[in-house]
Number of protein chains: 2
Amino acid sequence: MLDERKRKILQAIIDDYVSTAEPIGSRTIARKYDLGISPATIRNEMADLELLGYLEQPHTSAGRIPAAKGYRFYVDSLMSTPAISENDVMLITNWYQTRARRIEEVFQETAKIISRMTRNVSLVLAPQFGPAVFKYLQFMPLDNSRVILAIVTDTGYVENKVLTIPEGLVFDDLHRIAERINRRLSGQALEHIRSSVFHDIRQDFQHDRAVFDTLLEVIRQSIAGDKQERLYLGGTAQLLAQPEYRDVKKVKDLLSMLEEERLLCDILHTKESDGVVITIGGENKYSGIQDCSVVQATYRIDGQVVGTVAVLGPTRMEYGKITSVLEFMHRHLGDILNRYRL
Amino acid sequence: MLDERKRKILQAIIDDYVSTAEPIGSRTIARKYDLGISPATIRNEMADLELLGYLEQPHTSAGRIPAAKGYRFYVDSLMSTPAISENDVMLITNWYQTRARRIEEVFQETAKIISRMTRNVSLVLAPQFGPAVFKYLQFMPLDNSRVILAIVTDTGYVENKVLTIPEGLVFDDLHRIAERINRRLSGQALEHIRSSVFHDIRQDFQHDRAVFDTLLEVIRQSIAGDKQERLYLGGTAQLLAQPEYRDVKKVKDLLSMLEEERLLCDILHTKESDGVVITIGGENKYSGIQDCSVVQATYRIDGQVVGTVAVLGPTRMEYGKITSVLEFMHRHLGDILNRYRL
DNA sequence: ATTAGCACTCTACTGACGCGAGTGCTAACA
DNA sequence: TGTTAGCACTCGCGTCAGTAGAGTGCTAAT
C-alpha cells in the first residue's frame with residue numbers, strides 16, 4: 001500500500017496529466033501543488049512509484065505519466081465523485097425537454113448529453129426486449145390488398161409490418177388465424193417461442209399452410225429483430241480534440257471500430273454489474289481499445305436492468321467527472337424513459 | 001469551349017489526380033497517357049487551362065491540380081458513368097438479404113453499401129411522411145391500466161404509443177372515442193390536420209375533455225414526429241483514409257458537422273431534383289463544406305419522391321463511379337424498400 | 001530523511017544544404 | 001505557325017548538425 005505522500009504525488013500527477021496531457025516533472029509538481037517538499041524528494045518518490053508500476057516514463061529525460069496501474073489505484077482509492085451540480089441537472093432536464101419527442105430521440109439525446117458533459121465518446125445501449133412476453137398479435141386493415149400485422153408484448157412494444165393479403169383470403173380469415181395463434185402463444189416469453197411451439201400450432205392449419213408459414217416467418221423475424229438491441233453513439237467528433245488522437249491512423253482505427261455495432265455491444269455486455277464499472281487500458285479484452293478506458297453503468301426500468309450507458313476514451317480521462325455523470329444517468333435514465341412510456 | 005486536346009489533358013489530369021492525390025506535371029502526363037505530344041506542349045496547354053480557371057497550382061514548382069471549374073467541366077462533359085457491374089449488383093442484393101431485417105436496417109445498410117462502394121461518407125435521408133393520409137387510430141389493450149394507441153396512415157406506417165387509461169374510463173370508452181375521431185379525420189392528409197379540425201371535434205366531447213386533449217397531444221406529436229425525417233450516415237471512417245484529411249483539425253470540423261443532423265438535411269434538401277445532382281466545392285452554400293463535393297439523388301416509392309441518397313467527400317472524388325452507384329440506388333432503392341413493405 | 005547541486009540524457013526546434021520535380025522561356029525545327 | 005528540345009530557375013522536402021530546454025539520477029551536504 002502506498003503511504004500518504006506517495007498517494008498525494010500520484011494524485012497530483014494524474015490530475016495534472018489528465019488536464020494537460022503532458023508528461024509532468026518533479027519541479028512542476030513542487031511548484032503547482034503545495035506538498036511542502038522539494039523537487040528532489042519528489043523525484044525519489046516518483047522513481048519508487050515507477051518501480052511499483054504506477055507511473056511510466058515516455059523517455060529518460062521526460063516527466064512521468066500515469067501507467068494503467070496508476071489509474072486503477074486512482075479510481076479505486078483516490079478519486080472523488082461528487083454528485084453533479086444542480087445546475088447540470090437543470091441543463092440536462094432542459095435538453096431532454098426541448099430535444100426529445102420520440103423514444104429513439106431520448107436515447108440519441110442521452111448519448112449527446114453524456115458526450116457533451118464528459119467530452120468523450122458516449123455509448124447508449126437501448127433496451128433489448130429479451131425478457132418480454134408475447135401478448136397478442138393483431139391485424140389492422142390497410143386497404144383492399146394489404147393489412148398491418150402488429151405484435152404486442154407486455155412491455156407495450158409494438159412491432160408492425162405491412163403484409164399483402166394472400167390470395168383467396170379475406171380480412172376476417174386473418175382475424176380468425178390471429179385468434180388461434182394468440183390462444184397458443186399469449187403469455188409466452190418471446191425467447192421461448194421456438195420452432196417447436198410453431199410446429200404444434202402448424203398442425204391446426206391443415207389448409208392455409210402457406211398463410212401460416214408467412215405469418216410465422218414475420219413473427220420470427222420480429223422477435224429476432226427485437227432481441228438485437230440498438231446502440232446510440234454520441235460525440236465521436238470529441239475524439240479528435242484529444243491529443244492522443246493527433247495521429248490520423250489511430251483515429252481511423254478507433255472510428256472504424258465504433259462503426260461495428262455488434263462489437264461494441266459485446267464489449268459493453270461483458271462487464272455488466274449494478275454500479276459504475278471502469279475498465280482501464282489493457283484491462284479491456286478487445287485489443288482495439290487497449291489504450292482506451294471504458295466507464296459504464298447499467299440503468300433500470302421498473303427495477304429491471306434494460307440497458308447500459310458508457311463513455312469511451314483514452315486512458316487519460318476525467319474518471320471522477322465521468323463517473324459522476326454516469327452515476328446520475330444510471331439512477332435517472334429509467335425514470336426519464338418511463339416518462340416517455342416505452 | 002475547350003478543344004479536343006485540352007479536354008484530353010484536363011481529363012488525364014483529373015483522372016490521375018483523383019487516384020493519386022498528387023499534383024501532376026507535364027512529364028507525367030506525357031509518360032502515362034499516350035497523347036502523342038511532348039511535355040513542353042502539354043505545359044503550354046496546362047498554362048492555358050490554368051489561365052482559364054480549370055486548373056490551379058499549389059505552388060510554382062509543383063504540378064497542376066484540378067480547380068473547381070475543372071471538376072465542373074469534367075462532370076458536365078467528360079465523365080462517363082457506366083452502369084455498375086453485374087457483379088456489384090449481386091453483391092448489393094446479397095448484402096441487403098443478409099443484413100437487413102427491419103426497415104431501419106435497410107436504410108442503415110444502404111448507407112453502408114454506398115459508403116463501401118464509393119469509399120466516401122454516405123448520407124441516406126429516409127422517407128418523411130409528409131404526404132401521408134391519416135387512415136384511422138386504434139386502441140389496443142395492454143393491461144388493466146394501459147393501452148396502446150396506434151395511428152395508421154395509408155402508407156401503412158404505424159405510430160404507436162403507450163398511454164395510461166385516464167381515471168374513470170374503461171377500454172370500451174376509448175374505443176368509442178377512437179371511432180368518433182376516425183369518422184372525422186379519416187382520409188385527411190396528415191399535414192392538413194391542424195388545430196382547427198381538432199377544435200371542431202373537440203365540440204363533440206363535452207365530457208371527457210381531458211381525455212380528448214391528451215389524445216390530441218399524442219396525435220399531434222406523432223404527426224410532428226413523422227415529418228421530421230431520419231438521416232442515416234455511413235462510412236465516416238472512410239474520411240480518414242483520404243489524404244486531404246491528414247490534418248486532424250479538418251477532420252474534426254467535418255465530423256462535428258456530420259453530427260448536425262438538421263444541417264445535413266437542409267443541405268440535401270436545397271438541391272432536390274430528379275436525377276443525380278453534383279455540387280462541387282464552392283458551389284455549396286454552406287461554408288463548412290466548401291472544399292467538399294456532394295453527389296446526391298432522390299429515390300421514389302410508387303412514383304413519389306420520398307428520400308435522398310448522397311455521397312459527401314473531398315472535391316477530389318471519383319465522380320463517375322459515385323454517380324453510377326447513386327444512379328443505381330436512385331432507380332432501385334424504392335423497389336428494395338417496397339420489398340420490406342414500408 | 002531531505003535537499004541542493006551538477007553532470008547527463010533526450011526531445012524539439014532551427015537553419016543550412018542538396019535533391020528532385022516541375023515550370024516558363026527561348027530558340028530551333030517541321 | 002504550331003511543336004519541341006534545352007536550360008535556367010523555383011520551390012518543397014528530407015537530412016543533418018547544432019542548440020536550448022526540460023527533466024532525471026546521483027552524490028554530497030544538511
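Only this structure's heavy atoms are used, side chains among them; waters, hydrogens and symmetry mates stay out. Reminder, nothing fancy here: chain letters follow the sequence lines and each chain counts from 1.
- The side chain of A/Ser61 lies closest to C/dC10 when the candidates are C/dT3, C/dC10, C/dT23.
- Nucleotides of DNA chain D nearest to B/Ile37 and A/Ala62 differ in position, and the one nearer the 5' end is that of B/Ile37.
- Spacing between atom NE2 of A/His59 and atom P of D/dG21 amounts to 16 Å, rounded to whole angstrom units.
- Neither OP1 nor OP2 of D/dG23 sits under 4.0 Å from any side-chain N or O of A/Ser26.
- The distance from atom CD of A/Glu56 to atom C1' of D/dG23 is 17 Å, rounded to the nearest whole Å.
- Set against D/dT24, D/dA22, C/dT23, the side chain of B/Gln57 has C/dT23 as its closest nucleotide.
- With D/dG25, D/dT3, C/dG24 as the candidates, the nucleotide lying closest to the side chain of A/Ala47 is D/dG25.
- Among D/dG23, D/dA5, C/dT3, the nucleotide with an atom closest to any side-chain atom of A/Thr41 is C/dT3.
- Whole-Å rounding puts the B/Arg27 CZ to C/dT23 P distance at 11 Å.
- For B/Glu50 and C/dG24, the CD to C1' distance is 12 Å, given to the nearest whole Å.
- Contact annotation: B/Arg64 side-chain N/O to C/dG24 OP1/OP2 distance is under 4.0 Å.
- In this structure, the CZ atom of B/Arg246 is 10 Å from the P atom of D/dC13, given to the nearest Å.
- Between the CG atom of A/Asn44 and the C1' atom of C/dA1 there is a distance of 10 Å, rounded to whole Å.
- For the salt bridge (Lys or Arg N to Asp or Glu O under 4.0 Å) test with B/Asp48, the passing option among B/Lys6, B/Arg5, B/Arg43 is B/Lys6; the others fail.
- Here the P atom of nucleotide C/dC10 and the CD1 atom of A/Ile65 are 17 Å apart, to the nearest Å.
- Among pairs with a residue in residues 16-32 of chain A, those fulfilling salt bridge (charged side-chain N to carboxylate O under 4.0 Å, His left out) read A/Asp16-A/Lys32, at least two apart in sequence or across chains.
- To the nearest 0.5 Å, atom OG1 of residue A/Thr81 and atom CD of residue A/Glu327 are 6.5 Å apart.
- Distances from the side chain of B/Arg5 to the nucleotides C/dT23, D/dT3, D/dC11 place D/dT3 closest.
- Here the side chain of A/Met46 is nearest to one of C/dT2, D/dT3, D/dT24, namely D/dT24.
- Of the charged side-chain nitrogens involved, none lies within less than 4.0 Å of a carboxylate oxygen, so that B/Glu56 and B/Arg64 do not count as a salt-bridged pair.
- The listed nucleotides are D/dT4, D/dC11, C/dT3; the one nearest the side chain of B/Ala40 is D/dT4.
- Using a cut-off of 4.0 Å between Lys/Arg side-chain N and Asp/Glu carboxylate O, A/Arg262 and A/Asp266 are scored as not salt-bridged.
- Within the structure, every side-chain polar atom (N or O) of B/Thr60 is placed at least 4.0 Å from both OP1 and OP2 of C/dG24.
- As rounded to whole Å, 15 Å separates atom C1' of D/dT24 from atom CG of A/Leu49.
- Among the nucleotides C/dT9, D/dG12, D/dC7, the one closest to any side-chain atom of B/Arg43 is D/dC7.
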